[in-house]
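Taking it in order: structure first as structure tokens, then the write-up.
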Amino acid sequence: MISKLKKYNKLSIILYLLAILFLIAFIFSFYDVTKYLFSLYTAGTISFANWFECILYYINNTLNYLGFSFIILGIGYLINLLKPAKNDYE
């Protein structure tokens, strides 16, 4: 019986895993930035009246991981489209 499972290229699987790692790094950095900003708020050194600076701090410290994750995911998808894996039963 021929299996209908789709085969993925090895390079695209590696890129998918790397994208997942960057996504996990984004989640951890988002948590750390949130914890840091709340510690500054409780210490009284920052107020959320200057919300623009808080948003810029989030952007500068977290969105690079999210961007890399989406870029690597897209590259892996394109590689899988352009060069699909060979099936063993063909």
Side-chain angles (χ1 to χ4, degrees):
M1 180 173 202
I2 297 175
S3 175
K4 297 211 179 199
L5 293 176
K6 184 174 177 168
K7 297 279 186 170
Y8 289 99
N9 193 350
K10 290 178 185 177
L11 182 60
S12 65
I13 291 174
I14 292 171
L15 289 174
Y16 290 156
L17 291 175
L18 191 61
I20 290 171
L21 288 177
F22 272 112
L23 190 63
I24 291 170
F26 165 74
I27 292 169
F28 282 134
S29 65
F30 190 85
Y31 173 73
D32 284 340
V33 167
T34 304
K35 193 168 73 170
Y36 175 69
L37 287 177
F38 275 120
S39 70
L40 288 178
Y41 178 72
T42 57
T45 58
I46 192 173
S47 67
F48 288 114
N50 54 354
W51 56 271
F52 187 71
E53 291 180 11
C54 297
I55 291 174
L56 282 178
Y57 194 76
Y58 272 109
I59 290 172
N60 289 333
N61 290 305
T62 61
L63 286 185
N64 54 354
Y65 295 117
L66 187 64
F68 286 146
S69 176
F70 283 127
I71 289 171
I72 292 172
L73 182 71
I75 291 171
Y77 182 74
L78 284 175
I79 287 174
N80 198 32
L81 280 179
L82 297 176
K83 188 178 178 186
K86 296 178 184 175
N87 292 333
D88 294 336
Y89 51 85
E90 289 183 345

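Leu73 and Leu78 fall into different hydrophobic clusters, where Ile, Leu, Val, Met, Phe, Trp and Tyr residues are linked whenever their side-chain heavy atoms come under 4.5 Å apart, directly or through other members. Linking Ile, Leu, Val, Met, Phe, Trp and Tyr residues whenever their side-chain heavy atoms come within less than 4.5 Å places Ile59 and Tyr57 in a single cluster.
Atom CG of residue Leu63 and atom CZ of residue Phe26 lie 6.0 Å apart, to the nearest 0.5 angstrom. Between atom CD1 of residue Ile75 and atom CG of residue Asn80 there is a gap of 13.5 Å, rounded to the nearest 0.5 Å. Between the CG atom of Leu66 and the CD1 atom of Ile71 there is a distance of 10.0 Å, given to the nearest 0.5 Å. The OG1 atom of Thr42 sits 10.5 Å away from atom CG of Leu37, with the distance rounded to the nearest 0.5 Å.
Other residues, nucleotides and ligands contribute only 12 or fewer heavy atoms inside 6.0 Å of the OH atom of Tyr65. Crowding of Phe68 atom CZ: a count of heavy atoms from other residues, nucleotides or ligands under 6.0 Å not exceeding 12.
Side-chain contact between Asn61 and Ser29 is absent, with no heavy-atom pair separated by less than 4.5 Å.
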Could you tabulate the donor-acceptor pairs under 3.5 Å formed by side-chain atoms of residues 43-54, not counting sequence neighbours?
from	atom 1	to	atom 2	distance (Å)
Thr45	OG1	Leu40	O	3.2
Asn50	ND2	Glu53	OE1	3.3

Sequence neighbours excluded and cut-off under 3.5 Å, please list the side-chain donor-acceptor pairs for residues 12-25, or say none.
from	atom 1	to	atom 2	distance (Å)
Ser12	OG	Asn9	N	3.4
Ser12	OG	Asn9	O	2.7

